[in-house]
Number of protein chains: 2
Amino acid sequence: MRLVVAHCSVDYAGRLSAHLPLAPRVLMLKADGSVLIHSDGGSYKPLNWMSPPCSVSVSQPDEHEAAGGVTELWTVRHAKTDDVLVVSLHEILHDSAHELGIDPGLIKDGVEADLQELLAEQIEVLGEGHTLVRREYMTAIGPVDILARDANGRSVAVEIKRRGGVDGVEQLTRYLELMNRDPHIAPVTGVFAAQEIKPQARTLAQDRGIRCVVLDYDAMRGMDDVHARLF
Amino acid sequence: MRLVVAHCSVDYAGRLSAHLPLAPRVLMLKADGSVLIHSDGGSYKPLNWMSPPCSVSVSQPDEHEAAGGVTELWTVRHAKTDDVLVVSLHEILHDSAHELGIDPGLIKDGVEADLQELLAEQIEVLGEGHTLVRREYMTAIGPVDILARDANGRSVAVEIKRRGGVDGVEQLTRYLELMNRDPHIAPVTGVFAAQEIKPQARTLAQDRGIRCVVLDYDAMRGMDDVHARLF
DNA sequence: GCCTTTATCTCGTGC
DNA sequence: GCACGAGGTAAAGGC
């Protein structure tokens, strides 16, 4: 990992074209050849970058560039596409290199998969008398998150999202259309379950006869702890 | 902007929980209080981070932590949510601070808006005799990218994407359903225009009677230059 | 290897 | 300020 702080301008040509005017910035060169150009704000996204696999080649500025104050040019080429990032370095304020090794990586907890697991365990959250048929019920166009049965024994297809938008409703609609064509399983009703359901999505779901259920992750995890203690 | 290279472990609690075991990493502390934790690989996304607005407070390790090798604790708290990021620093390998100022920002070119502009100018790309009605034609559920008329004077709703996936076809389908209920404008046919159309999207579009048109951005920009030269 | 789905998405834009 | 759509989305998981 090499860290450089320098006045620079940047040009990118690839899926789009982009340009950064001359200013002081932090340049991060990773061991895999990738380059990140960060400013002192924004969020974690760099102003510009080149993703691996790629390689950097350093060259000297031509007469015109040198006259403009450029001391060094970095040309970063992607190995597979023809994306190119050119960093024109002016004054270099800092330059250091560090050996980091391979990172052991992030351990996560609390994403959609966890929600699905919890809901499968606590399927009664959908309403009294509901029973789980299976998680990841496969259809021709992909897996339905949860297939359940309501108190009357009718099939219920559940689509789970952390944040429920129209996309999720569309997805569930496609599954329902398909499943309701299959006489073995029809009729199937739909439930759209999410920690947060956006108004547009709720409207669309209601319009299509899909029930919306808001999930409380913390409460469900609490219930899960009770389960764990009791059994 | 402060750059620190150090052996550290990290814990995040917020919209999810996450943990990073002890390893050497780069810590980037931005002027707005945000913190990024980078490894020497991956992509532009840090292993972990805290987005602004937030603030860092430094504290000394307790006896137990100190015995484990912790020399300093950084607690990064989000100003609005209760997200917390705790960095447990062990050995510090590098520490430097740099004044960058506010970045002038990125200038982009070649995104969906440019495609829409070019297609509006060169509406005949859709087929002979096509004329432009208007861009961003408003409906109750949102704006249709382009409304045009074909050689027979029939309305044509165009959805433009850089990369055409099923989402775009669904979006256009919703517009078409709505517009075809309006006797003033019905019948409306649909055109799905993109630089690249995914096979699934093409199949879905054909199934719904929506025509697919692949756009050549470079060629259209070339035409645009010709336009500019001629007029 | 390709495709689909998720994301602490981020980021702009229009209301 | 919120909601919605786009992204050089990136990254993970299934087939």
Side-chain angles (χ1 to χ4, degrees), chain A residues 12-18 34 41-52 54 76 78 80-85 105-106 108-116 136 138 140-143 145 159-168 170-171 174 194-204, chain B residues 10 12-18 34-37 41-52 54 76 78 80-85 105-106 108-116 136 138 141-143 145 159-168 170-171 194-196 198-201:
Chain A
Y12 167 76
R15 279 171 267 191
L16 56 65
S17 303
S34 59
S43 75
Y44 71 68
K45 196 174 177 181
L47 292 164
N48 217 328
W49 71 93
M50 182 62 77
S51 310
C54 64
V76 191
H78 197 271
K80 297 191 171 182
T81 66
D82 52 1
D83 291 23
V84 181
L85 184 76
L106 189 69
K108 285 189 183 182
D109 162 50
V111 284
E112 189 193 306
D114 299 288
L115 265 181
Q116 191 192 111
E136 303 285 352
M138 273 309 300
I141 54 168
D145 287 339
E159 177 64 36
I160 301 171
K161 291 275 179 250
R162 249 181 12 89
R163 292 185 183 181
V166 287
D167 285 8
E170 298 286 13
Q171 200 177 331
R174 287 197 296 272
Q195 279 187 275
E196 177 199 339
I197 295 178
K198 296 190 175 170
Q200 256 197 5
R202 186 178 289 275
T203 307
L204 186 63
Chain B
V10 183
Y12 168 77
R15 280 169 270 189
L16 56 66
S17 303
S34 60
V35 177
L36 281 59
I37 295 145
S43 72
Y44 70 67
K45 196 175 180 181
L47 292 164
N48 215 327
W49 71 94
M50 182 64 77
S51 309
C54 63
V76 191
H78 197 270
K80 300 193 167 178
T81 67
D82 52 2
D83 292 23
V84 181
L85 183 76
L106 190 68
K108 283 187 185 184
D109 162 51
V111 286
E112 190 191 309
D114 299 290
L115 267 180
Q116 191 192 112
E136 303 285 351
M138 275 308 299
I141 54 169
D145 287 339
E159 177 65 36
I160 301 170
K161 292 278 179 242
R162 250 178 13 88
R163 290 185 184 183
V166 288
D167 286 7
E170 298 284 15
Q171 202 177 331
Q195 279 186 276
E196 178 199 338
K198 294 188 180 172
Q200 257 198 0

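Within every chain, numbering begins at 1; the chains are lettered A, B, ... in the order of the sequence lines, protein sequences first and strands thereafter. Worth saying up front: this structure is predicted, and the values here are computed from it rather than measured.
- Taking every side-chain heavy atom of A:Arg15 into account, D:dA10 is the closest of C:dT6, C:dT10, D:dA10.
- Side-chain contact between A:Asp114 and A:Lys108 is absent, with no heavy atoms from C-beta onward closer than 4.5 Å.
- We find the CD-CD1 distance between A:Gln195 and A:Ile160 to be 11.0 Å, quoted to the nearest 0.5 Å.
- Contact annotation for A:Met50: base contact, defined as any heavy-atom pair under 4.0 Å involving a base atom.
- Summarising the geometry, the separation between CD on B:Glu170 and C1' on C:dT4 is reported as 14 Å, rounded to the nearest angstrom.
- The phosphate of C:dT6 has OP1 or OP2 within less than 4.0 Å of a side-chain N or O from A:Lys161.
- Map A:Met138 and A:Leu47 each onto its nearest nucleotide of DNA chain D; the residue landing nearer the 5' end is A:Leu47.
- Residue A:Leu106 contributes atom CG, which lies 10 Å from atom P of D:dA12 at whole-angstrom precision.
- One atom, CG of A:Asp145, and another, P of C:dT4, lie 17 Å apart when rounded to the nearest Å.
- Atom NZ of B:Lys198 and atom P of D:dG7 are 12 Å apart (whole Å).
- For A:Leu85 and A:Glu196, each mapped to the nucleotide of DNA chain D holding its nearest heavy atom, the one lying further toward the 5' end belongs to A:Glu196.
- In this structure a side-chain-to-backbone donor-acceptor pair under 3.5 Å is missing from B:Ser17 to B:Ala13.
- A:Ser51 comes within contact range of at least one nucleobase, with a heavy-atom separation under 4.0 Å.
- The distance from atom CG of A:Leu16 to atom C1' of C:dG12 is 14 Å, rounded to the nearest whole Å.
- In this structure, A:Glu136 atom CD and C:dT6 atom C1' are separated by 13 Å, rounded to whole Å.
- Residue A:Gln200 places at least one side-chain N or O closer than 4.0 Å to OP1 or OP2 of D:dC4.
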Subject >> Test salt bridge (charged side-chain N to carboxylate O under 4.0 Å, His left out) applied to B:Glu196 and B:Arg163, step by step >> reply: CA-CA 5 Å; B:Glu196 178 199 338; B:Arg163 290 185 184 183; 3.8 Å; yes
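- Nearest nucleotide to the A:Tyr44 side chain, out of D:dA10, D:dC4, C:dT10: C:dT10.
- The side chain of B:Val111 sits closest to D:dG7 out of C:dT4, C:dC9, D:dG7.
- In this structure, the nucleotide among D:dC4, C:dC9, C:dT10 sitting nearest to the side chain of A:Lys45 is C:dT10.
- Rounded to a whole Å, the NZ atom of B:Lys108 is 10 Å from the P atom of C:dC11.
- Nearest-nucleotide positions on DNA chain C for B:Asp83 and B:Ala201 put B:Ala201 closer to the 5' end.
- A:Arg163 has no side-chain polar atom (N or O) that falls below the 4.0 Å cut-off from OP1 or OP2 of D:dA3.
- What separates CG of A:Asp167 from P of D:dA3 is a distance of 16 Å, to the nearest Å.
- Atoms OH and CG, on A:Tyr12 and A:Asp83 in that order, are 3.5 Å from each other to the nearest 0.5 Å.
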